[in-house]
Amino acid sequence: PDPQPEPEPEPEPEPVVSRLMVAGDIMSHMPITKDAYVAETGEYDYSHMFQFAAQQLEEADYAVANLETTLAGGPEYSGFPAFNSPDALASAANGAGFDLLSTANNHSRDKGIDGINRTLDVLDEVGLAHVGTYRTQEERDENHGIYVADVGGISVAFLSYTYGLNGYQLASDKMFAVNLFNLDYYTTLANPNYELLKEDLAAARALDTDLIAVMIHWGVEYQNAPNSHQTDLAQFLVEQGADLVLGGHPHVLQPYDTISVTGWDGQEREGFVCYSLGNFISNQYDPSPATMTTAILDLELTKDPATGETTVTRVGYVPYYMIHRDSAPVGERRYLLNIHQAMEEYEAGESTLVNKSAYGKLQEALDHCHDILGAEGDLAA
């Protein structure tokens, strides 16, 4: 009889590689809300503001940001200091490519508990996942308020916290509504609730996901460097199992870094920390260009099939700038521009949005972004 053919060797399993993109604060100050108004229909449409970021976000396996406003229902919309934005903001964020929004920040309670609840209802309606605020104690108790996402075949447990609520207090029977990492969240803002964080991160570890990501609202507004409160808290979070710490609140960029610590189990471990990505959609312009300059962080995640270990294998970003065109018609006044793309179009004589003055501001914003985040990480350069 003919000899049996040798069986084909099993192919080596390929690593799982995915891209997680992270953006800063989505806000709707009244000039932003007014520019989204479509007089012909009486509706709101923010899509023009997101259109250039959407070109990058479509390449992500998963994209997250911080929603720093409530969606408490119209027609009485408001900006600072108590935000309430049209539901169309959520639709535009979803349409641009975002998958999950953190809802724990200092403006979460701007329109009371009803505002928290309706915001979550709207996000559910448009298909956006959310983490950090909750409608019931049962919602908060489920997985300790953790949201588990499939990021291109890599499982990530997302947690979200804020330092406080702009002096507001939650009623004793509503403490489940917002994840607060400070015990003194309505006074001195100086005493982290380490026990809560420890319990929640232990619960996250027990879910046995590939990675744990903590989205956190912290720091001092308009400061381009983290303070010791942030760096100490970042170290604690990584010690307790966080692989990614994704910060916001300062409204300006702060650096990112990879830190090494001794973990809860006595083993050395690393965590990636981005202290702040500044504003994403907003109308802030002072200090300029800091509050108008932002970036979308692009993290490559790789899971080793042999060890099952998942790591951040590349960190980069694309810089953006929120342009203000007050003399333009409504619906054409506010755009979040991809800085490199906008500058190249102007240099080629093809831009309808950037004039000579704006081009100079784009260059200033790019330099500022490189100063804070490092030019080597700029994926569009």
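Heavy-atom basis, side chains included; hydrogens, waters and symmetry copies ignored.
At least one donor-acceptor pair under 3.5 Å links the side chain of S18 to the backbone N or O of V151. Here the side chain of Y134 pairs a donor or acceptor atom with the backbone of G145 at under 3.5 angstrom. Without hydrogens or angle criteria, D35 side chain to R334 main chain gives a donor-acceptor distance under 3.5 Å. Side-chain atoms of R109 do not come within 3.5 Å of backbone N or O of N166 as any donor-acceptor pair. Not one N or O on the side chain of D304 forms a donor-acceptor pair closer than 3.5 Å with the backbone of E309. Side-chain N or O atoms of S108 include one that pairs as donor or acceptor with a backbone N or O of T103 at under 3.5 Å. Of the possible donor and acceptor atoms, none in the side chain of T311 sits under 3.5 Å from a partner among the backbone N and O of T313. A donor-acceptor contact shorter than 3.5 Å links the side chain of R325 to the backbone of E332.
Put simply, the side chain of P192 reaches to within 4.5 Å of the side chain of L233, judged on heavy atoms. In this structure, Q254 and Q230 have side chains that are in contact, with non-hydrogen atoms separated by less than 4.5 Å. With a 4.5 Å cut-off on side-chain heavy atoms, L366 and D378 count as touching. No side-chain heavy atom of K198 sits under 4.5 Å from any side-chain heavy atom of L237. Looking only at side-chain heavy atoms (C-beta outward), T69 and I26 stay at 4.5 Å or farther from each other. No side-chain heavy atom of M322 sits under 4.5 Å from any side-chain heavy atom of N279. For the pair H130/L67, no side-chain contact is recorded, criterion being any heavy-atom separation below 4.5 Å from C-beta on. Using a 4.5 Å heavy-atom cutoff, the side chains of K34 and V330 are not in contact.
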Show me the side-chain donor-acceptor pairs of residues 168-176 shorter than 3.5 Å, one per line, residues at least two apart or across chains.
residue: Q169; atom: NE2; partner: Y186; partner atom: OH; Å: 3.4

Residues 343-351, side-chain donor-acceptor partners within the protein, below 3.5 Å, at least two apart:
residue: E347; atom: OE2; partner: Y359; partner atom: OH; Å: 2.5
residue: S351; atom: OG; partner: L353; partner atom: N; Å: 3.2
residue: S351; atom: OG; partner: V354; partner atom: N; Å: 2.9

List the atom pairs, donor and acceptor, that lie under 3.5 Å between side-chain atoms in residues 115-123 and the rest of the protein, sequence neighbours left out.
residue: R118; atom: NH1; partner: L71; partner atom: O; Å: 2.9
residue: R118; atom: NH1; partner: D87; partner atom: OD1; Å: 2.9
residue: R118; atom: NH2; partner: D87; partner atom: OD2; Å: 3.0
residue: T119; atom: OG1; partner: L71; partner atom: N; Å: 2.8
residue: T119; atom: OG1; partner: G115; partner atom: O; Å: 2.7
residue: D121; atom: OD1; partner: R135; partner atom: NH1; Å: 2.6

Show every donor-acceptor pair shorter than 3.5 Å between a side-chain atom in residues 90-98 and any protein atom, with sequence neighbours excluded, or say none if there are none.
residue: N94; atom: ND2; partner: V126; partner atom: O; Å: 2.8

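Residue pairs that meet the ring pair (Phe, Tyr, Trp, His ring centres under 6.0 Å) test with at least one member in residues 360-381, sequence neighbours left out, do not exist here. Applying the ring pair (Phe, Tyr, Trp, His ring centres under 6.0 Å) test to every pair with at least one member in residues 7-40, sequence neighbours left out, gives these pairs: H29-F83, Y37-Y44. Contacts classified as ring pair (Phe, Tyr, Trp, His ring centres under 6.0 Å) and involving residues 286-335 (residues at least two apart or in different chains) are given here: H48-Y335.
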Output, in order, the C-alpha distance, side-chain angles, deciding distance and verdict of side chain to side chain contact (heavy atoms under 4.5 Å, CB included) for V238 and R269. CA-CA 8 Å; V238 175; R269 62 189 323 276; 3.7 Å; yes
Passes side chain to side chain contact (heavy atoms under 4.5 Å, CB included), L57 versus F50? Steps please. CA-CA 10 Å; L57 292 170; F50 286 87; 5.9 Å; no
Verdict with supporting geometry, N338 and Q55, side chain to side chain contact (heavy atoms under 4.5 Å, CB included): CA-CA 9 Å; N338 177 317; Q55 296 170 10; 5.9 Å; no
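Residues L189 and L180 do not share a hydrophobic cluster, clusters being chains of Ile/Leu/Val/Met/Phe/Trp/Tyr side chains in contact below 4.5 Å. One hydrophobic cluster, built from ILVMFWY side chains closer than 4.5 Å, holds both M215 and Y147. Taking hydrophobic clusters as Ile, Leu, Val, Met, Phe, Trp and Tyr residues chained together by side-chain heavy-atom distances below 4.5 Å, I216 shares a cluster with V273.
Nearest heavy-atom pair, N84 versus G73, reported as atom, atom and distance to 0.1 Å: ND2-O, 3.0 Å. In this structure, I146 and A157 approach most closely via the heavy-atom pair CG2-CB, 3.7 Å. When all heavy atoms of N66 and S102 are compared, the closest pair comes out as OD1-O, 3.3 Å. Minimum heavy-atom separation, A82 to K111: O-CE, 3.8 Å. Nearest heavy atoms, I154 versus L301: CD1-O, 3.6 Å. Closest non-hydrogen pair, A23 versus I296, comes out as CB-CG1, 4.5 Å.
Here D210 pairs with K303 in a salt bridge; the nearest charged N to carboxylate O distance falls below 4.0 Å.
Considering only residues two or more places apart in sequence or on other chains, Y275 meets the ring pair (Phe, Tyr, Trp, His ring centres under 6.0 Å) condition with W218. Applying the side-chain hydrogen bond (donor to acceptor under 3.5 Å, both in side chains) test to Y62 and every residue at least two apart in sequence or in another chain returns nothing. For R140, the salt bridge (charged side-chain N to carboxylate O under 4.0 Å, His left out) partners at least two apart in sequence or on another chain are D200. Partners of F80 by ring pair (Phe, Tyr, Trp, His ring centres under 6.0 Å), not counting sequence neighbours: none found. Legend: residues meeting side-chain hydrogen bond (donor to acceptor under 3.5 Å, both in side chains) with E59, ordered by chain and number and at least two apart, are R19.
For the 3.5 Å distance criterion, the side chains of D45 and S47 qualify, holding a donor opposite an acceptor. At a cut-off of 3.5 Å, with distance as the only test, a side-chain donor of Q235 or E239 sits close to an acceptor on the other residue. Judged by distance alone, the side chains of Y46 and S85 never bring a donor and an acceptor atom under 3.5 Å apart. Side chain to side chain, Q267 and T262 fail the donor-acceptor criterion of an N or O pair below 3.5 Å.
Note: N191 CG to Y185 OH = 14.0 Å, rounded to the nearest 0.5 Å. Between L379 atom CG and D298 atom CG the span is 5.5 Å, to the nearest 0.5 Å. We find the CG-NE2 distance between L277 and H251 to be 13.5 Å, quoted to the nearest 0.5 Å. Atom CG of residue N105 and atom OG of residue S160 lie 8.0 Å apart, to the nearest 0.5 angstrom. Rounding to the nearest 0.5 angstrom, the gap separating the CD1 atom in I281 from the CG atom in L336 is 4.5 Å. To the nearest 0.5 Å, atoms CG (D243) and OG1 (T258) are separated by 11.0 Å.
Test T162, N179, N106, D25 against H217 for side chain to side chain donor-acceptor pair (under 3.5 Å) and you get one pass: N106.
The neighbour count for E142 CD, taken as heavy atoms of other residues, nucleotides or ligands under 6.0 Å away, does not exceed 12.
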